[in-house]
Q: 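Just dropping this structure here.
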Protein chains: 2
Amino acid sequence: MTASNPYAPSPTDYLSNVNSFQLIDSTLREGEQFANAFFDTEKKIEIAKALDDFGVDYIELTSPVASEQSYQDCKAICNLGLKAKILTHIRCHMDDARVAVETGVDGVDVVIGTSKFLRQYSHGKDMNYIAKSAVEVIEFVKSKGIEIRFSSEDSFRSDLVDLLNIYKTVDKIGVNRVGIADTVGCANPRQVYELIRTLKSVVSCDIECHFHNDTGCAIANAYTALEGGAKLIDVSVLGIGERNGITPLGGLMARMIVAAPDYVKSKYKLHKIRDIENLVAEAVEVNIPFNNPITGFCAFTHKAGIHAKAILANPSTYEILDPHDFGMKRYIHFANRLTGWNAIKARVDQLNLNLTDDQVKEVTAKIKKLGDVRPLNIDDVDSIIKEFHAEITTPRLGGANTSTKTSNIDLQSLDAIPETANEPAKKRTRIE
Amino acid sequence: MTASNPYAPSPTDYLSNVNSFQLIDSTLREGEQFANAFFDTEKKIEIAKALDDFGVDYIELTSPVASEQSYQDCKAICNLGLKAKILTHIRCHMDDARVAVETGVDGVDVVIGTSKFLRQYSHGKDMNYIAKSAVEVIEFVKSKGIEIRFSSEDSFRSDLVDLLNIYKTVDKIGVNRVGIADTVGCANPRQVYELIRTLKSVVSCDIECHFHNDTGCAIANAYTALEGGAKLIDVSVLGIGERNGITPLGGLMARMIVAAPDYVKSKYKLHKIRDIENLVAEAVEVNIPFNNPITGFCAFTHKAGIHAKAILANPSTYEILDPHDFGMKRYIHFANRLTGWNAIKARVDQLNLNLTDDQVKEVTAKIKKLGDVRPLNIDDVDSIIKEFHAEITTPRLGGANTSTKTSNIDLQSLDAIPETANEPAKKRTRIE
């Protein structure tokens with residue numbers, strides 16, 4: 001940890017790919033396994049184009065053997081001529097591999113369960129059989145001149161020696177990548193780091209990682225994997241996938257921009273995240289989670305008085321992400337009992353009224369008092385401020401003629417919150 | 001990593017508190033800083049009682065100097081006689097401390113910004129001033145015979161030497177806890193581990209941690225802090241707090257039950273998580289995120305054919321969390337084109353129909369074909385199955401009399417999904 005930039009990759013992580021990672025978006029494969037997902041061909045193409053425009057390195061599609069339409073869609077997306085490489089994800093069977101290579105994909109992701117659970121309850125094969133099938137499938141796919149990844153499934157519940165053996169075998173015959181998959185979402189960050197470091201000493205090819213989010217660590221595990229030397233991370237838009245999903249594209253970008261700002265900003269169109277999330281959220285009929293990194297309605301909303309004060313002086317005091325990097329805006333939530341006089345002073349200035357600091361403190365006390373009684377909105381606060389201002393500027397000749405300079409209010413400051421917000425805009429405004 | 005229990009605390013973490021952690025719930029302090037939060041006294045008491053019933057060790061409340069009602073609410077909650085200890089959270093000022101100790105709290109959480117950002121843009125004080133104020137406040141609170149925690153703010157952007165100096169000072173005068181706070185959500189897990197380990201070598205008191213979730217690592221950072229020797233974690237229900245919030249209570253429970261199942265299950269009423277989340281979600285007018293750990297509508301939904309097959313044989317193949325531990329249920333989503341014949345076979349059995357495996361495979365192909373054309377629901381699948389069954393069991397004398405054994409269907413298997421679900425129940429059912 002250094003005082004100047006504590007977020008940069010640690011210099012002791014000499015294998016770190018934090019500054020050189022790649023993204024495999026699996027919205028159209030893992031995401032299709034999300035409970036609510038049904039993508040028709042048109043929607044798949046729209047999502048693939050949006051991801052390509054954003055800048056993901058790979059787009060992974062459902063196996064062409066899943067259904068006839070899956071096969072046709074795979075071919076259709078391969079024919080779009082996207083910059084992103086197109087992958088499809090198959091079981092470690094020659095039957096699947098033969099169909100996959102016909103679709104025109106740039107690469108095939110092969111997976112097989114190696115944990116005792118999956119060996120017993122899923123395919124029922126032993127490690128010798130797995131190795132034999134893997135070699136056959138890999139050599140076949142390589143003979144077609146396209147990329148091949150071999151991944152174990154449920155890697156963190158697999159025997160370490162079994163894992164290293166099979167990865168060593170497939171690395172020798174020349175796979176492009178090996179994959180580590182936390183299929184059940186059980187892994188924790190330091191465990192991930194250890195496994196990747198160990199694997200890195202055994203294989204020379206790239207390492208890809210796939211993390212489920214059952215225990216809330218999918219973003220952190222991805223980051224730690226990159227620190228340990230993994231190169232590629234599987235993501236999906238909003239993290240959609242089996243159960244509660246995998247590492248989300250947007251959340252990972254929030255994590256990575258802190259560590260590798262130049263790399264991330266130069267490579268990915270971050271201001272497109274909101275649109276892509278809205279596209280997918282609508283397609284699978286979910287709301288953007290209120291607490292989503294970056295695009296959650298409150299991601300850049302500051303409320304407590306001491307926070308608001310410092311944010312007004314320098315946003316970096318309470319922000320590690322700059323909302324502008326994502327095409328988003330910052331909000332100071334001043335209409336509540338936790339508000340401070342600095343936030344109210346900023347509002348008074350916005351309203352183009354003149355009050356001394358002592359007067360602002362006095363009106364702040366009135367606002368906090370009402371805020372104790374009920375939820376406030378901006379109109380409440382503005383009314384209290386304007387009334388207070390009128391009282392101190394108008395000679396006491398009666399109640400008449402309290403109109404003030406309020407016609408100069410910059411209405412832009414009352415902009416509605418971004419469309420991503422899934423909650424009413426009440427009680428918030430923007431101060432920038 | 002061992003093959004038998006890869007989730008248990010690592011034996012090399014000899015300072016680990018993964019098996020002996022405590023929870024400080026801050027829904028009524030940090031959570032009050034959430035954009036949408038306005039808790040009246042009645043709601044605060046309802047939430048405090050629910051948290052106490054769940055089993056949190058501490059409940060942290062908004063500073064009594066925030067507003068008059070905050071002061072009254074603090075006293076009211078202290079008078080409830082809960083098992084959980086009641087804390088309030090104040091700035092490192094004697095003015096605040098004097099008010100805090102009057103409220104009847106069991107302890108006071110003191111915080112001051114130590115980063116260069118906060119020292120410059122928030123309070124404008126130097127480290128000598130901070131240390132002097134800290135000592136004065138701490139000795140005053142201790143003199144009242146109640147607990148005292150001293151925390152830095154924005155700890156991960158503070159100078160390491162400054163931090164260790166002040167923690168050493170306050171530890172010597174006898175604080176109960178020191179706090180590390182990732183106020184802006186910038187920290188990553190290995191960085192957290194390193195800082196906690198270092199701090200652990202400097203102080204003898206307990207270490208409390210507070211992690212914001214701006215970059216999606218709040219759960220993982222909390223876990224890693226416990227591995228490094230931290231003892232207490234700040235949480236809030238659904239993670240509500242400034243911006244997109246902090247470590248969520250439910251998400252942390254998902255993480256911890258994997259690592260320390262006996263401790264977690266014996267100490268906390270996990271089946272209450274759903275009710276507490278619903279209570280708070282309703283109070284702050286948000287939906288439970290679709291992908292929330294444990295209570296998200298799809299947290300225990302399995303869709304892909306190969307997943308469904310293995311889950312039916314043994315749920316542990318694709319589940320690290322047992323839904324029953326949380327009073328939740330498992331779903332197999334079989335009405336889609338990714339479905340497999342094992343899932344359909346389970347449905348056929350539920351419908352109390354008799355089909356051979358080959359027949360099930362045949363009807364599965366029909367279902368996948370329709371699933372390619374449009375989203376399916378359970379009725380679609382049941383109709384296809386029943387029609388298929390009727391065709392093969394009824395002599396071909398015409399179309400009449402296709403009624404079968406369907407009157408024996410166990411309608412319990414069509415139970416609606418839990419109330420936590422924020423999406424329509426279509427396309428899913430339960431197979432257990």
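A note on names: the letters A, B, ... follow the listed sequences, proteins ahead of strands, and every chain is numbered from 1.
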Q: Excluding sequence neighbours, so at least two apart, what forms side-chain contact (heavy atoms from CB on, under 4.5 Å) with B:Asn336?
A: B:Lys303, B:His333, B:Leu338, B:Thr339
Q: Looking only at heavy atoms and a cut-off of under 4.5 Å, which of B:Ala299, B:Ala254, B:Gly251 has the most pairs with chain A?
A: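 Counting heavy-atom pairs under 4.5 Å, the top option is B:Ala299.
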Q: Tell me, do B:Val65 and B:Arg91 make a side-chain contact under 4.5 Å, heavy atoms counted?
A: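 Sidechains of B:Arg91 and B:Val65: in contact.
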Q: For chain B, find which of A:Gly371, A:Ser63, A:Cys217, A:Ser70 contributes the most heavy-atom pairs closer than 4.5 angstrom.
A: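 Between A:Gly371, A:Ser63, A:Cys217, A:Ser70, the count favours A:Cys217.
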Q: Show your working on side chain to side chain contact (heavy atoms under 4.5 Å, CB included) between B:Phe34 and A:Phe290 and close with a plain yes or no.
A: CA-CA 11 Å; B:Phe34 174 59; A:Phe290 77 88; 3.7 Å; yes
Q: Which bit of B:Thr62 comes within less than 4.5 Å of chain A, counting heavy atoms only: side chain, backbone, both or neither?
A: side chain
Q: Using a cut-off of under 4.5 Å on heavy-atom pairs, state which of B:Ala313, B:Ala310, B:Ser67 scores highest against chain A.
A: B:Ser67
Q: At a heavy-atom distance under 4.5 Å, which candidate from B:Pro248, B:Gly250, B:Gly239, B:Ser316 has the highest pair count against chain A?
A: B:Ser316
Q: Is the Lys NZ or Arg CZ of B:Arg337 less than 6.0 Å from the centre of A:Phe38's six-membered ring, within 45° of the axis?
A: yes
Q: Can you tell me which of B:Glu242, B:Lys368, B:Gln69 forms the most heavy-atom pairs within a distance under 4.5 Å of chain A?
A: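 Heavy-atom pair counts peak at B:Glu242.
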Q: Decide yes or no for B:Asn292 and B:Ile294: does some side-chain heavy atom of the first lie under 4.5 Å from some side-chain heavy atom of the second?
A: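 Sidechains of B:Ile294 and B:Asn292: no contact.
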Q: Where on B:Pro293 is there a heavy atom nearer than 4.5 Å to chain A: the side chain, the backbone, both, or neither?
A: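 Backbone plus side chain of B:Pro293, per the 4.5 Å heavy-atom cut-off to chain A.
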Q: Within 45 degrees of the ring normal and closer than 6.0 Å to the centroid, is that where the cationic atom of A:Arg190 sits relative to B:Tyr193?
A: yes
Q: Determine the option with the most heavy-atom pairs under 4.5 angstrom with chain B, choosing from A:Gly113, A:Ala187, A:Gly185.
A: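 Maximum pair count with chain B is reached by A:Ala187.
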Q: Name the region of B:Ala365, side chain, backbone, both or neither, that has any atom closer than 4.5 Å to a heavy atom of chain A.
A: neither
Q: With side chains defined as the heavy atoms from C-beta onward, is the minimum distance between A:Asp214 and A:Cys186 less than 4.5 Å?
A: no
Q: By number, which residues in residues 219-227 of chain A have some heavy atom less than 4.5 Å away from chain B?
A: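 Near chain B, by residue number: A:Ile219, A:Ala220, A:Tyr223, A:Thr224, A:Glu227.
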Q: Shorter than 4.5 Å, heavy atoms on both sides: which option in B:Thr317, B:Val373, B:Ile240, B:Asp154 has the most such pairs with chain A?
A: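 Looking at each option in turn, the highest pair count goes to B:Thr317.
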Q: Heavy-atom pairs under 4.5 Å with chain B are the metric here; pick the option from A:Glu68, A:Met253, A:Arg243 that has the most.
A: A:Arg243
Q: Run B:Asp182 and B:Ser155 through side chain to side chain contact (heavy atoms under 4.5 Å, CB included) and show every step you take.
A: CA-CA 6 Å; B:Asp182 180 20; B:Ser155 314; over 6 Å; no
Q: Please identify each residue that fulfils side-chain contact (heavy atoms from CB on, under 4.5 Å) with A:Ser16, with sequence neighbours left out.
A: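 Expected list: A:Pro9, A:Asp13, A:Val18.
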Q: Is A:Glu194 in contact with chain B via its backbone, its side chain, both, or neither, using a 4.5 Å heavy-atom distance?
A: neither
Q: Below 4.5 Å from any heavy atom of chain A, which atoms of B:Glu32 appear? Answer side chain, backbone, both or neither.
A: both
Q: Is it true that B:His302 and B:Glu319 share a donor-acceptor pair across their side chains at a distance under 3.5 Å?
A: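 The answer is yes; a qualifying pair exists.
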Q: Below 4.5 Å from any heavy atom of chain A, which atoms of B:Leu252 appear? Answer side chain, backbone, both or neither.
A: neither
Q: For the pair B:Asp372 and B:Lys369, find out whether any cationic side-chain nitrogen is under 4.0 Å from an anionic carboxylate oxygen.
A: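 Not counted as a salt bridge, because no side-chain N and carboxylate O are separated by less than 4.0 Å.
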Q: Under the rule for side-chain contact (heavy atoms from CB on, under 4.5 Å), what residues qualify as partners of A:Asn213, not counting sequence neighbours?
A: A:Ala218, A:Asn244
Q: Out of B:Arg255, B:Gln72, B:Arg374, return the one with the most heavy atom pairs under 4.5 angstrom to chain A.
A: B:Arg255
Q: Hey, does B:Val184 have a side-chain heavy atom less than 4.5 Å from the side chain of B:Phe156?
A: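 B:Phe156 vs B:Val184: side chains apart.
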